[in-house]
Amino acid sequence: MGAVRVVSWNINSLRARLGRAQAFMARHDPDVLCLQETKVPDAEFPQLAFPGLHPTVHGQKTYNGVAILSKERPDEVRKGIPGDPVPEQTRAVAARFDDLWVLDLYVVNGQAPDSDKFAIKERWLGALRDWLTTEFDPKDPVLLVGDFNITPSDADVHDPARWAGKIHCTPEERGWLAELQAWGLTDLHKQAVPEPEHTWWDYRMGAFARGWSLRIDLALGTAPVADRLAAVTVDRDERKQGEHEEKPSDHAPLIVDLH
DNA sequence: ATGGTTGGTCGCCAA
C-alpha cells in the first residue's frame, strides 16, 4: 500500500455537521476518515452524503458512535472490543486495509475522577489493551486513532495548574495510556513535531478564542507504522466558528500522513 | 475557568 492519509475527528454528531464533513473531505481528501461521536444508528447512517466512500459503521442513537469512511473497501472489519465493560456503547470500530489495521476509538470520557464512569474508563482501556495483546502483534502495522479523552502529559494542557487532578489530566489516566503504549505504540503526533498542537476546546466560556485547549485526540502506531510516518497536523481552522460553516465540533481533526 | 455551550432528545443526559 502506498501513501495513506488517515484522519481522526470527533465530529460531535455527524448529522449536525454533514456539510462540514463533506467540505472537510473535499479539502483534505483523506483515504480513511475515522469519526467519533457520530450519534447515529447504523440504519440511519447518511452514506449517500459520501458517494464513492465505503462506510464501516458502529453507531447508536443519541450517544457515542464511530465510523470509518474509506476510499478502499476494507479487507476485514471489527465492531466493538472483546470484554467491553459497556458493550451497549458503540466506541470502537476497526478496518484492515491490506496489512494496515486502523482502529477508530472513542474512549470513555470518565466525567470526574470520583465518578463511577472513571472506573469504567479504566476497565475499558484494560479491555482495549487485552484486545491488542491477544489479537494483534506490535510487529504488524496497527494504527490507533481517536478521542482518547486523556492528555498524555502537561505539555498537552493549556494550563496544567488549573487542570491538575481534573478529568483528562489525572496521573491515573496517563498511567492507563502509558500501559497501552507499553504494548508497542508510539505517539505519532509527538514523533512528527516537538510541540504537538492541541485538538479540543470546550464550547463554554469562549475557550477557543482564549486558547484553553487540550490534546486528547491521538494517533498511536506500532513500529511499522511509525517507520512510515510522514506528517501529523491539526486542522485548527475546522474548530473556528464561521470559517467553513457555523457550528464547529468542539474537536479539530487530526491528520496523519503515512508514506 | 468552577461557570456555562452544545447535540439529541425530552434523560438534567453527556460531554
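Sequence lines set the chain letters: A, B, ... in the order given, protein chains first and strands last, and positions in each chain run from 1.
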So which nucleotide from [options] ends up closest to the side chain of [X]?
| X | options | answer |
| --- | --- | --- |
| Asn109(A) | dA15(B), dG4(B), dA14(B) | dA15(B) |
| Lys61(A) | dG7(B), dT2(B), dT9(B) | dT9(B) |
| Lys117(A) | dA15(B), dA1(B), dG7(B) | dA15(B) |
| Arg204(A) | dA15(B), dT2(B), dT9(B) | dA15(B) |
| Thr62(A) | dA15(B), dT9(B), dA1(B) | dT9(B) |

Legend entry - Donor-acceptor pair under 3.5 Å, His251(A) side chain vs dA15(B) base: no
Inset, instruction - Establish whether the base of dG11(B) is bridged to the side chain of Tyr63(A) by a donor-acceptor pair shorter than 3.5 Å. - result: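 Yes, a donor-acceptor pair under 3.5 Å.
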Inset, instruction - For a salt bridge (Lys or Arg N to Asp or Glu O under 4.0 Å) with Asp154(A), tell me which candidate from Arg215(A), Arg174(A), Arg162(A) qualifies. - result: Arg174(A)
Spacing of the [atom1] atoms in [M] and [N] (rounded, Å):
| N | M | atom1 | result |
| --- | --- | --- | --- |
| dT6(B) | dG11(B) | C1' | 16 Å |
| dA15(B) | dA1(B) | P | 25 Å |
| dC10(B) | dG4(B) | P | 26 Å |
| dT2(B) | dG7(B) | C1' | 23 Å |
| dT9(B) | dC13(B) | P | 16 Å |

Inset, instruction - Remember a base hit wins even if backbone is also touched, and classify Trp200(A) as base, sugar-phosphate or nothing at under 4.0 Å, heavy atoms. - result: nothing
Inset, instruction - Assign Tyr106(A) to base, sugar-phosphate, or nothing according to its heavy-atom contacts below 4.0 angstrom with the strands shown. - result: sugar-phosphate
Nearest whole Å is fine: how far is [N] [atom2] from [X] [atom1]?
| X | N | atom1 | atom2 | value |
| --- | --- | --- | --- | --- |
| Arg20(A) | dG7(B) | CZ | P | 10 Å |
| Trp201(A) | dA15(B) | CH2 | C1' | 16 Å |
| Gln60(A) | dA15(B) | CD | C1' | 14 Å |
| Asp202(A) | dA14(B) | CG | C1' | 13 Å |
| Lys247(A) | dT5(B) | NZ | C1' | 8 Å |
| Gln241(A) | dT5(B) | CD | P | 12 Å |
| Arg15(A) | dG7(B) | CZ | P | 14 Å |
| Lys166(A) | dA15(B) | NZ | C1' | 17 Å |

Inset, instruction - Answer yes when Arg5(A) and Asp31(A) have at least one side-chain N-carboxylate O distance shorter than 4.0 Å, and no when they do not. - result: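 So Arg5(A) does not pair with Asp31(A) through a salt bridge.
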Inset, instruction - Hey, can you tell me if Phe24(A) and Trp9(A) have their rings parallel, tilted or perpendicular (30° and 60° cut-offs)? - result: tilted
Inset, instruction - Measure centre to centre between the rings of Phe136(A) and Trp183(A), then say whether the value is under 6.0 Å. - result: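 Phe136(A) vs Trp183(A): aromatic centres not under 6.0 Å.
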Legend entry - Near-ring test Phe118(A)/Trp176(A), centroid separation under 6.0 angstrom: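 Trp176(A) vs Phe118(A): aromatic centres under 6.0 Å.
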Legend entry - Interatomic spacing from CG in Asp217(A) to OG1 in Thr199(A) - rounded to 0.5 Å: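 Nearest 0.5 Å value for the CG-OG1 distance: 3.5 Å.
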Legend entry - Base partner of dC12(B), which must satisfy Watson-Crick or wobble distances under 3.5 Å: none
Legend entry - Below 4.0 Å: OP1/OP2 of dT6(B) and any side-chain N or O of Arg239(A):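 No.
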Inset, instruction - Specify the residue among Trp212(A) and Gln89(A) whose closest nucleotide of DNA chain B lies further upstream toward the 5′ end. - result: Trp212(A)
Inset, instruction - Flag as yes if Tyr203(A) stacks onto the base of dG4(B) (centroids under 5.5 Å, planes under 30°), otherwise no. - result: no
